[in-house]
Trainee: 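Just passing along the structure, written as structure tokens.
Note that the structure is predicted; figures quoted are calculated from it, not measured.
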Amino acid sequence: MNLAQLRSAGRTPALPTTIALGADELRVVQWLRVLPGQRYVARAQWRGAQVLAKLMVGARARRHFDRELSGAQLLATQQLTTPVLLDQGFGETGGWLLFEFLEGAQTLQDAWLGVARQLPLSAGQQDVLGDALAVIATLHARGLWQSDLHLDNLMRHGQQLYLIDGGGVRAENPGKPLARDRALENLAVFFAQLPAALEPFVEELLVHYLLVNNTHALPLEALVDKIRVARQHRLVSYLKKVGRDCTAFSVRRDHSGLVVVRREHETALRDVIEDLDCYIAAGVALKWGGSATVVRVDARGQTFVIKRYNIKGVMHWLKRFWRPSRAWHSWVEAHRLEVLGIATPQPLAMIEKRRLGFRVRSYLIADYVEGQDIIARFAPYVDGVPPEDELLALDQLFAALIRERISHGDLKGTNVLWRDGGWVLIDLDALQQHRSLARFHQAFAKDRERLLRNWPVGSALYRLLDHRLPKGSLKQDA
């Protein structure tokens with residue numbers, strides 16, 4: 001195969017495959033990232049060594065190649081720790097960059113996932129983020145910044161952290177510290193990737209940066225404002241992707257409806273999506289109601305939850321067919337919570353069935369969360385006090401909902417589950433993020449009242465929670 005043929009090989013080119021690169025050959029053994037017809041990242045063999053290959057094809061190949069090469073050279077010339085560039089070239093059909101392969105390396109994103117559910121700024125979280133900020137400080141001290149700054153672009157190998165993805169590296173005055181405003185903007189991009197619950201700890205985390213690069217005084221208030229703006233831009237951008245065919249999602253639209261699947265789960269869910277009602281009939285019923293059916297199913301060694309949104313009759317259909325389906329709403333809102341760092345089962349797929357162009361049934365497939373709901377969890381403490389860590393986690397959940405102006409819409413106890421040291425929200429059919437503060441307070445008050453209604457008004461637990469749970473006003477809402 002050559003680069004011209006690779007361009008038309010689709011999203012999953014055959015493996016293993018050999019690609020001609022000038023006078024050499026590259027034997028690809030694993031595709032790591034594919035943008036069909038544009039860019040391909042692979043683990044490969046070249047001249048007897050294992051390499052990371054970046055291959056560029058298509059109309060914008062030269063642009064992508066030049067950016068990657070320039071970024072890699074900037075990192076190397078400024079003596080920053082980055083994988084060695086072993087070979088590069090550009091021909092009539094595309095270009096290639098071959099880097100040393102860091103066997104056994106771990107991205108800081110993977111390291112973060114191991115500590116993400118710990119209480120905000122635990123020792124483990126501080127280790128990961130402190131390491132990242134020290135590298136970012138070094139980058140800024142040399143006059144560079146990473147325009148697409150996130151934890152996946154920092155890789156730990158042995159005792160060192162490597163900067164990768166030269167395509168996003170930009171330079172102001174190489175060798176001279178980055179200007180303060182540029183450094184603030186770039187730091188805001190980094191912090192915006194993190195859960196908003198860490199916002200109160202930005203000043204503490206910034207110490208790791210200033211210990212390496214104290215060229216500028218960085219005003220905290222200005223940085224926090226920029227973080228909030230960057231976080232909102234990131235949320236809007238991400239929610240636009242959840243219904244678009246891209247690296248993260250596989251989307252199929254035709255006369256029979258719409259299917260959206262997280263691409264990494266596409267293979268595992270293929271059979272389920274093709275015969276949803278059969279899997280539902282064979283599954284373990286979690287809820288069997290008129291408007292929705294919820295079951296737990298096992299497929300290919302994994303456990304999922306399927307929620308089917310039923311149409312109860314002609315009048316129900318007339319009210320629903322012209323609106324976005326409840327499955328679509330839940331799909332979008334689950335991703336909203338995911339970006340905002342509020343725990344909910346990971347949404348895996350959304351399916352809308354159509355007949356004669358009109359929506360009929362819809363389905364949501366999500367990760368199965370095995371956890372106790374808050375009613376069962378707090379049952380031994382109706383006349384006492386639940387464990388403090390569980391109360392603190394509830395405080396944090398409510399603080400996050402207030403901070404983001406989110407109302408659940410049906411916050412009964414069975415929709416709040418305890419898992420891995422935190423509370424998880426499920427059943428997001430009515431979840432809403434409000435622009436209006438007044439409407440949020442009204443909706444939040446209903447959520448709070450609905451949760452408290454799970455316990456007798458005169459009980460010690462009711463009184464404790466009624467006193468402890470916020471009533472919808474944090475400092476930023478004042």
Side-chain angles (χ1 to χ4, degrees), residues 116-117 195 197 239 242 260 262 265 269 272 276 279-280 283-298 302-310 324-351 362-379 386 390 393-402 404 406-433 443-444 446-455 465 469:
R117 291 189 60 80
L239 292 183
V242 301
V260 187
R262 279 188 182 254
H265 294 281
L269 290 173
V272 177
L276 284 158
Y279 272 89
I280 288 172
V284 177
L286 303 177
K287 177 184 177 182
W288 207 271
S291 63
T293 300
V294 184
V295 300
R296 188 183 77 232
V297 301
D298 295 302
Q302 298 184 55
T303 304
F304 311 110
V305 168
I306 304 177
K307 185 170 187 178
R308 181 179 65 201
Y309 295 87
N310 303 319
S325 69
R326 288 172 290 166
W328 173 256
H329 179 83
S330 295
W331 172 256
V332 172
E333 297 311 314
H335 285 97
R336 185 189 305 278
L337 294 189
E338 192 173 66
V339 172
L340 295 174
I342 300 173
T344 194
Q346 186 182 50
L348 306 179
M350 193 286 305
I351 303 95
S362 60
Y363 305 77
L364 180 73
I365 304 177
D367 189 23
Y368 174 65
V369 173
E370 189 169 7
Q372 253 187 327
D373 69 55
I374 196 170
I375 301 172
R377 191 79 184 177
F378 282 2
E390 298 179 22
L394 195 61
D395 293 342
Q396 290 160 11
L397 172 60
F398 269 69
L401 295 174
I402 293 170
E404 306 298 343
I406 287 175
S407 63
H408 182 274
D410 188 20
L411 202 62
K412 56 191 178 186
T414 51
N415 287 335
V416 183
L417 307 182
W418 179 258
R419 182 191 67 172
D420 298 336
W423 297 105
V424 178
L425 291 179
I426 65 170
D427 198 2
L428 310 181
D429 300 7
L431 189 135
Q432 186 176 354
Q433 187 171 35
F444 182 84
K446 291 181 180 179
D447 276 352
R448 187 180 185 278
E449 186 275 333
R450 181 64 187 91
L451 184 64
L452 288 173
R453 211 191 310 159
N454 290 287
W455 301 283
L465 294 178
L469 294 179

Trainee: Is a donor from one side chain sitting under 3.5 angstrom from an acceptor on the other, for Asp447 and Ser407?
Mentor: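 No, no side-chain donor-acceptor contact under 3.5 Å.
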
Trainee: Kindly indicate whether the side chain of Ile426, heavy atoms from C-beta on, has any atom under 4.5 Å from the side chain of Val305.
Mentor: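 Not touching, per the 4.5 Å side-chain cut-off.
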
Trainee: Kindly give the heavy-atom pair with the smallest separation between Ala334 and Pro347, and that separation in Å.
Mentor: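 What the structure gives for the nearest pair is CB-CG, 3.6 Å.
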
Trainee: Got a salt bridge between Glu333 and Arg336, using NZ or NE/NH1/NH2 to carboxylate O under 4.0 Å?
Mentor: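 A salt bridge links Glu333 with Arg336.
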
Trainee: Give a yes/no verdict on a cation-pi contact between Arg308 and Tyr363, requiring under 6.0 Å between NZ or CZ and the six-membered ring centre and an angle within 45° of the axis.
Mentor: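 No, a cation-pi geometry is absent between Arg308 and Tyr363.
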
Trainee: Mind checking salt bridge (charged side-chain N to carboxylate O under 4.0 Å, His left out) for Asp373 and listing every partner two or more places apart, or none if nothing turns up?
Mentor: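 None.
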
Trainee: Is it the case that Ser330 and Asp429 place a side-chain donor and acceptor less than 3.5 Å from each other?
Mentor: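 Looking only at side-chain atoms, Asp429 and Ser330 do form a donor-acceptor pair, the distance falling under 3.5 Å.
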
Trainee: For this output row, return yes or no: ring centroids of Tyr279 and Phe304 closer than 6.0 angstrom.
Mentor: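 No.
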
Trainee: Under the salt bridge (Lys or Arg N to Asp or Glu O under 4.0 Å) definition, can you give me all pairs with a residue in residues 341-350, not counting sequence neighbours?
Mentor: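 Those involving residues 341-350 do not exist here.
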
Trainee: Just verifying a value: how many Å separate Leu425 CG and Leu417 CG, rounded to the nearest 0.5 Å?
Mentor: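 These two atoms lie 8.5 Å from each other.
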
Trainee: Would you say the side chain of Gln433 lies within less than 4.5 Å of the side chain of Leu340, judging by non-hydrogen atoms?
Mentor: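 A side-chain contact under 4.5 Å exists here.
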
Trainee: With rounding to the nearest 0.5 Å, note down the distance linking CG in Leu239 to NE2 in His335.
Mentor: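 If we round to the nearest 0.5 Å, Leu239:CG and His335:NE2 are 8.5 Å apart.
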
Trainee: Once rounded to the nearest 0.5 Å, what's the spacing between atom CG of Leu397 and atom NE2 of His408?
Mentor: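 Spacing of CG (Leu397) from NE2 (His408) equals 9.5 Å.
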
Trainee: Hey, does Ile351 have a side-chain heavy atom less than 4.5 Å from the side chain of Ile365?
Mentor: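 Sidechains of Ile351 and Ile365: in contact.
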
Trainee: Could you measure the distance from the CZ atom of Phe444 to the CD atom of Glu449? Nearest 0.5 Å is fine.
Mentor: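 Taking CZ in Phe444 and CD in Glu449, the distance rounds to 12.5 Å.
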
Trainee: Only counting residues at least two apart or in another chain, list the ones meeting ring-ring contact (aromatic ring centres under 6.0 Å, His included) with Trp418.
Mentor: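 For Trp418, the residues satisfying ring-ring contact (aromatic ring centres under 6.0 Å, His included) (neighbours in sequence not counted) are Trp423.
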
Trainee: Name all residues meeting the salt bridge (charged side-chain N to carboxylate O under 4.0 Å, His left out) criterion together with Asp395; count only those two or more places apart in sequence or in a different chain, and write none if there are none.
Mentor: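 If we apply the salt bridge (charged side-chain N to carboxylate O under 4.0 Å, His left out) test to Asp395, skipping adjacent residues, the hits are Arg468.
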
Trainee: What distance do Glu338 atom CD and Thr344 atom OG1 have between them, rounded to the nearest 0.5 Å?
Mentor: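 Going from CD on Glu338 over to OG1 on Thr344, the span is 9.0 Å.
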
Trainee: Between Thr293 and Leu286, is there a side-chain heavy-atom distance shorter than 4.5 Å?
Mentor: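 A side-chain contact under 4.5 Å is absent here.
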
Trainee: Is there a side-chain contact between Ile406 and Leu431 in this structure, where contact means two heavy atoms from C-beta onward sitting under 4.5 Å apart?
Mentor: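 Yes, side chains in contact.
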
Trainee: Any chance you could lay out the side-chain contact (heavy atoms from CB on, under 4.5 Å) test for Thr414 and Ile375, step after step, and finish with the verdict?
Mentor: CA-CA 7 Å; Thr414 51; Ile375 301 172; 4.3 Å; yes

Trainee: Side chains of Ile306 and Leu364, heavy atoms from C-beta outward: is any pair under 4.5 Å?
Mentor: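 Counting from C-beta outward, Ile306 and Leu364 never come under 4.5 Å.
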
Trainee: Which value, rounded to the nearest 0.5 Å, describes the distance between Leu394 atom CG and Leu465 atom CG?
Mentor: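 Rounded to the nearest 0.5 Å, the CG-CG separation comes to 6.5 Å.
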
Trainee: Apply salt bridge (charged side-chain N to carboxylate O under 4.0 Å, His left out) to Asp427 and list each qualifying residue two or more places apart in sequence or on a separate chain.
Mentor: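 For Asp427 the salt bridge (charged side-chain N to carboxylate O under 4.0 Å, His left out) partners, ignoring immediate neighbours, are Lys307.
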
Trainee: Using the side-chain contact (heavy atoms from CB on, under 4.5 Å) rule, take Gln346 and His265 through it: C-alpha gap first, then chi angles, then the decisive distance, then the call.
Mentor: CA-CA 11 Å; Gln346 186 182 50; His265 294 281; 3.6 Å; yes

Trainee: Can you confirm whether Ile280 sits close enough to Val297 that some side-chain heavy atom of one is under 4.5 Å from a side-chain heavy atom of the other?
Mentor: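 Sidechains of Val297 and Ile280: no contact.
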
Trainee: Run Asn310 and Ser291 through side chain to side chain donor-acceptor pair (under 3.5 Å) and show every step you take.
Mentor: CA-CA 5 Å; Asn310 303 319; Ser291 63; over 6 Å; no

Trainee: Any side-chain heavy atom of Glu390 sitting closer than 4.5 Å to one from Phe378?
Mentor: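 In short, these two side chains touch, coming nearer than 4.5 Å.
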
Trainee: Can you list the residues that meet the salt bridge (charged side-chain N to carboxylate O under 4.0 Å, His left out) rule with Asp410, with sequence neighbours excluded?
Mentor: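 Expected list: Lys412.
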
